[in-house]
Amino acid sequence: MPELPEVENYRRFFERHALDRAVASVACRDRLVVGTLGRADLDRAVAGRAFRSTRRHGKYLFAEAAAGSRRGTDSVWVVFHFGMTGFFESLSAGEPDPPYTRVLFRFRDAGALAFVCPRRFGRVAWIRRPEDLIASKRLGPDPLDPALDSGMLRRALGTRRGAIKAHLLDQTALAGVGNLYADEALFQSGIHPRASAATLRASEWRRLERALDRVLRTAVRTAEAPRRFPRGWLFERRRAGEPCPRCGGRLASAIVGGRTTFFCSRHQRLRRRLKR
DNA sequence: AGCGATGTTCGCCG
DNA sequence: TCGGCGAACATCGC
């Protein structure tokens, strides 16, 4: 389920299983998955190097592969995007590749890291610097960047017209929020997904920002251990007609920003209807 | 058998 | 230029 919280956990998984291991070879099993984000010749660029650090921006994960023993100036970076169904698996020596392995990083110690992606919307490539990818995709700020203050959300989205949910999903406005967590943050802040971003009040921006921060941080913690989402969340009740876990209203569904959207018809009211 | 899916991108239209 | 919409991408699972 790769939105920001899942990718953050993939980053931690990568750190646990791939950091400080020397790469012996890289096998690219799928030409659709490899290359479009950057260069495709992963084996030539990465073999002989070791992974030394990671970084995440929105739904993109970056792994630094350095030739020396330290993070260095001659590094290359492998970039991962997990699409809808991508994830990592760590393989011990001799363990067979899981089904749908698209890229396999084999380590000198004979273990391996598999990039697995059944539906092939995931992408892997190598680039010189993470900033290049962030710039070329025009990614907006990452909502968990500790350097960002409480005005971040309003600055990123506040001048826009049209449905707030569509802008939460726009990776060039804000990087990392996907369909489920956009719905969750709006649900918890009591804002209708079709509310116009340009007409949100200061109190609504504050509620939305607090909710988004809480939702993403809680989801990171939930995803790292097999654990359920808190009661009172929309997350596991995404079905129209179900009772709202917060107010007892009815959950409704609609298409907003091109995606299936669930919200509570009672506590997420539309103040000013958008022309349609 | 048909439909929808946690994502991204492109083209068309107003 | 922006925003809305639909389609395409590929494949699986309900």
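Labels below follow one simple rule: chain letters A, B, ... track the order of the sequence lines, proteins then strands, and each chain is numbered from 1.
- No engagement by Gly258(A) is indicated, since no non-hydrogen atom pair under 4.0 Å with the nucleic acid exists.
- Nucleic acid contact for Arg123(A): none, since no nucleic acid atom lies under 4.0 Å from a heavy atom of the residue.
- In this structure, CZ of Arg120(A) is placed 10 Å from P of dC12(C), rounded to the nearest angstrom.
- For Ala166(A), the listed nucleotide lying nearest its side chain is dG4(C); candidates were dG4(C), dG7(B), dT11(C).
- In this structure, His167(A) places its NE2 atom 7 Å from C1' of dG3(C), rounding to the nearest Å.
- Side-chain contact of Asp41(A) with Trp126(A): a donor-acceptor pair under 3.5 Å is present, judged by distance alone.
- A salt bridge links Asp149(A) to Arg155(A): one of the charged nitrogens lies within less than 4.0 Å of a carboxylate oxygen.
- Across all strands shown, dT6(B) forms no Watson-Crick or G-U wobble pair with both distances under 3.5 Å.
- Among dT6(B), dA10(C), dT9(B), the nucleotide with an atom closest to any side-chain atom of Lys137(A) is dT9(B).
- Nearest nucleotide to the side chain of His81(A), out of dT6(B), dG3(C), dG7(B): dG7(B).
- Between dG4(B) and Thr260(A), no contact under 4.0 Å exists linking OP1 or OP2 to a side-chain N or O.
- In this structure, Leu139(A) atom CG and dG7(B) atom P are separated by 14 Å, rounded to whole Å.
- Contact annotation: Arg259(A) side-chain N/O to dT6(B) OP1/OP2 distance is under 4.0 Å.
- If you take CG of Leu169(A) and P of dA5(B), they are 13 Å apart, rounded to a whole angstrom.
- Contact annotation: side chain of Arg119(A) to base of dC12(C), donor-acceptor pair present below 3.5 Å.
- In this structure, Asp30(A) places its CG atom 12 Å from C1' of dT11(C), rounding to the nearest Å.
- When each of Tyr60(A) and Phe262(A) is assigned the nucleotide of DNA chain B with its nearest heavy atom, Phe262(A) is the one assigned upstream, toward the 5' end.
- Between the side chains of Tyr60(A) and Gln171(A), no donor-acceptor pair of N or O atoms lies under 3.5 Å.
- The nearest whole Å value for the distance from the NZ atom in Lys165(A) to the C1' atom in dG3(C) is 16 Å.
- Between Arg194(A) atom CZ and dG3(C) atom P there is a gap of 16 Å when expressed in whole angstrom units.
- Base pairing annotation: dA10(C) forms no Watson-Crick or G-U wobble pair, as no partner gives both donor-acceptor distances under 3.5 Å.
- Here the two rings, on Tyr10(A) and Phe87(A), have centers that are 6.0 Å apart or farther.
- Residue-level contact check: Leu32(A) touches the backbone only, with heavy atoms under 4.0 Å from sugar-phosphate atoms and none from bases.
- A salt bridge links Glu131(A) with Arg55(A): at least one charged nitrogen is closer than 4.0 Å to a carboxylate oxygen.
- Rounding to whole angstrom units, CG of residue Leu180(A) and C1' of dG7(B) are separated by 11 Å.
- Tyr100(A) comes within 4.0 angstrom of sugar-phosphate atoms only, judged by non-hydrogen atoms across all strands, and of no base.
- Between Asp183(A) and Arg259(A), no side-chain nitrogen of the basic residue sits less than 4.0 Å from a carboxylate oxygen of the acidic one, so the salt-bridge criterion is not met.
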